[in-house]
Structures are given as structure tokens and as C-alpha cells.
Number of protein chains: 2
Amino acid sequence: MQTALRRFKADIFQALAHPTRIAIIELLSGGELSAGELIGRLGMEQANVSQHLAVLRSKQLVANRKSGNQVFYSVRDPIIFEVLALMRTYFQKHIQEAMEMLDEMDKNVRQREPGESAEPSSAHGAEI
Amino acid sequence: MQTALRRFKADIFQALAHPTRIAIIELLSGGELSAGELIGRLGMEQANVSQHLAVLRSKQLVANRKSGNQVFYSVRDPIIFEVLALMRTYFQKHIQEAMEMLDEMDKNVRQREPGESAEPSSAHGAEI
DNA sequence: TTGTAATATAAGAATTGTCGAATATTCCAA
DNA sequence: TTGGAATATTCGACAATTCTTATATTACAA
């Protein structure tokens with residue numbers, strides 16, 4: 001059976017199923033970057049980014065090269081960029097329902113944390 | 001910023017990040033199928049499949065059409081098939097490390113549940 | 001109407017994912 | 001050597017997923 005293949009695919013998708021990890025992949029589309037550079041551009045906690053990098057590493061999506069003090073990361077196979085490009089196309093095609101989906105998510109978040117919006121700095125309409 | 005776009009992409013990947021849901025999408029590649037048909041071919045619990053279908057529905061990956069007693073499902077946008085096709089290519093290219101990855105996963109499972117193998121019926125070498 | 005088949009939803013337990021804080025490791029320069 | 005910069009790992013709290021069991025819902029046929 002192809003259950004192993006499906007487990008494999010699911011695993012790759014799982015690795016991609018986080019906004020930060022998608023951001024990392026996209027940042028690496030211009031070539032390799034050091035972990036510090038990634039942390040800076042993402043503006044997130046060092047440990048957190050390092051953990052996300054660990055996830056990408058464990059699924060072999062990125063390679064890392066040690067150079068002195070630093071560790072440089074790169075995407076192993078450009079096919080991953082193609083996957084993201086397809087997703088971009090998909091998004092553009094379905095932008096309307098995508099917005100509704102995001103709003104729905106926001107609504108749920110607000111129900112759980114009343115009085116606090118998830119991203120106070122901008123509304124979705126402006127963001128996209 | 002494109003944080004909304006990344007949240008959207010992550011959400012789609014999340015929806016695809018389960019072997020059963022991948023199987024559902026693949027089963028639907030030949031055209032629409034009823035929920036019952038899917039349950040039969042997957043050989044899984046009715047409730048479980050229904051929940052996975054709910055996930056795919058909530059992310060708008062599938063459409064459903066009610067006809068009498070039954071509900072027929074179909075994939076909304078064939079672009080999703082392209083994504084899976086890319087993954088298949090990726091897998092074929094990286095089959096060696098994929099195997100190692102799967103074995104690694106198995107090893108971890110065995111550490112947690114000693115004396116019980118995850119899939120007693122077959123080893124990975126034979127499965128793929 | 002009532003019963004039954006097809007499907008969905010809810011509730012709860014177990015597992016897994018995520019994050020921040022703290023700590024460890026590694027490499028180099030002084 | 002020692003100190004500091006860059007990165008990784010560990011731990012504990014919390015949130016999200018997944019599964020099973022039980023229960024709802026819906027549409028029809030008898």
C-alpha cells in the first residue's frame with residue numbers, strides 16, 4: 001500500500017503548516033541565510049526560530065552548513081518553492097473565500113479572548 | 001504585510017497534513033464520491049472520516065453536494081492535485097532519505113511503545 | 001407517522017505542537 | 001585559558017489535533 005507515501009507527504013505538509021516556517025522558506029528563496037539573519041528578519045525569539053528550523057531540518061526540507069560561529073540554512077530542493085508558488089496561485093484564485101476563512105478564524109479567536117484582537121495593528125482588508 | 005497570506009497557506013497545509021485527508025483527496029481525483037463510498041474505501045470509522053471531511057470542508061478544499069440521503073464530495077480546485085503531484089515527484093527524488101525519515105519515526109514510536117510495532121503487517125521496504 | 005440508512009456533531013481522553021525562559025554547546029578572539 | 005557571540009536544546013505550560021464512543025440530524029420508504 002501507499003500508506004507510507006501518504007505518511008511522508010503528510011509529514012512534509014505538517015512541516016509547512018506554520019506561518020513562521022513558511023516565512024523561513026520564503027526568506028531562503030534568495031539563497032542561504034544564517035540563523036541570525038533569519039531571526040532578525042522574522043523579528044521573533046531566537047529559541048522559537050531555532051525550534052522551527054529544527055522542524056524543517058528534521059523533515060529534511062532545509063540543509064544547514066556550519067561556518068565558524070554561524071549556521072547557514074538553505075532550502076534543499078527548489079520543488080518546495082514550486083509548491084509555495086502553487087499555493088500563491090491558489091490564494092489569488094480564491095482570495096474572496098480566503099478572506100472569509102481568515103475572518104472566521106479571527107472571530108473564533110475573539111470569542112476565546114474577548115477584548116483582545118489577534119493583530120491590533122491592522123485589519124485584514126488592509127493587510128492583503 | 002503578507003502575514004495573512006502565510007496564515008492562509010499554513011492553514012491549507014495544515015488541512016493536508018494528515019494521511020487520511022491526503023487519501024481522501026486522492027480518492028476524489030477521479031471525480032466526486034459519496035461520504036459512504038469514501039468511508040468504505042478508506043476502511044475507517046465513519047465518525048473519523050466525517051471529521052476529516054469536516055476539516056477539508058472548513059478549509060474549503062472540498063465541496064459537498066447533498067443528494068437525497070447521501071452527500072457527495074469533490075475537490076474544489078484541481079490545483080490541489082498539482083500540489084500532491086509535486087509532492088509525489090519530490091518523494092521519488094528523495095526516496096532514500098524519505099525511507100530513513102520514516103524509519104526514524106518508527107524507531108521513535110517503538111521507543112514509546114516497546115514490544116509493539118506500529119504496523120505489524122509489513123516493513124517499510126516492502127510497503128513502498 | 002415511524003423506522004432505518006447516511007451523515008454529522010459532541011464529549012472526553014490521549015497525543016502532539018507551540019511558545020518563552022532558562023540552560024547548554026560551539027567557536028573564536030583576546 | 002577565558003569570555004562572549006551564535007545557535008541549539010530542554011522544560012513546563014498551554015493550545016490544538018486526533019481518535020473513539022455516543023448521540024443528533026436528515027431524508028426517505030414502508
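Note that the coordinates shown come from a computational prediction; the quantities given were computed from them, not determined experimentally. The sequence lines fix the lettering, A, B, ..., with proteins before strands; numbering per chain opens at 1.
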To the nearest 0.5 angstrom, please state how far the CZ atom of R7(A) sits from the CG atom of L5(A). 11.0 Å

Calculate, to the nearest 0.5 Å, the distance between atoms CG and NZ belonging to L61(A) and K59(A) respectively. 8.5 Å

Please name all residues satisfying salt bridge (charged side-chain N to carboxylate O under 4.0 Å, His left out) with R65(B), sequence neighbours left out, ordered by chain then number. E32(B)

Give, ordered by number, those residues of residues 28-43 of chain A having at least one heavy-atom distance below 4.0 Å to an atom of DNA chain D; if nothing qualifies, reply none. S34(A), A35(A), G36(A)

Taking protein heavy atoms under 4.0 Å as touching, what does nucleotides 19-30 of chain C look like 5' to 3' if B marks base contact, S marks sugar-phosphate-only contact and - marks none? BBBB----BS--

Could you pull out all donor-acceptor pairs under 3.5 Å where a side-chain atom in residues 36-53 of chain A meets a protein atom, sequence neighbours excluded?
{"from": "E37(A)", "atom 1": "OE2", "to": "R41(A)", "atom 2": "NE", "distance (Å)": "2.9"}
{"from": "E37(A)", "atom 1": "OE2", "to": "R41(A)", "atom 2": "NH2", "distance (Å)": "3.2"}
{"from": "N48(A)", "atom 1": "OD1", "to": "H52(A)", "atom 2": "NE2", "distance (Å)": "3.3"}
{"from": "H52(A)", "atom 1": "ND1", "to": "R21(A)", "atom 2": "NH1", "distance (Å)": "3.0"}

Whole angstrom value for the distance that separates [atom2] of [N] from [atom1] of [X]:
| X | N | atom1 | atom2 | result |
| --- | --- | --- | --- | --- |
| K59(A) | dT16(C) | NZ | P | 12 Å |
| R65(B) | dT7(C) | CZ | P | 12 Å |
| D11(A) | dT18(D) | CG | P | 12 Å |
| L56(A) | dG17(C) | CG | P | 13 Å |
| L53(B) | dA6(C) | CG | C1' | 13 Å |
| F13(A) | dT18(D) | CZ | C1' | 19 Å |

Can you sort out the partners of E26(A) under side chain to side chain donor-acceptor pair (under 3.5 Å), two or more places apart, ordered by chain and number? R6(B), K9(B)

Excluding sequence neighbours, so at least two apart, what forms side-chain contact (heavy atoms from CB on, under 4.5 Å) with V71(A)? N64(A), K66(A), Y73(A)

Residues in side-chain contact (heavy atoms from CB on, under 4.5 Å) with A54(B), at least two apart? R57(B)

At under 4.0 Å between heavy atoms, what does F72(B) touch on the DNA or RNA strands: base, sugar-phosphate, or nothing? nothing

Could you pull out all donor-acceptor pairs under 3.5 Å where a side-chain atom in residues 85-92 of chain A meets a protein atom, sequence neighbours excluded?
{"from": "T89(A)", "atom 1": "OG1", "to": "A85(A)", "atom 2": "O", "distance (Å)": "3.2"}

Would you list the pairs meeting ring pair (Phe, Tyr, Trp, His ring centres under 6.0 Å) in which at least one residue belongs to residues 19-43 of chain A, sequence neighbours left out? none

side-chain N/O Y73(B) vs dA8(C) OP1/OP2, d < 4.0 Å: yes

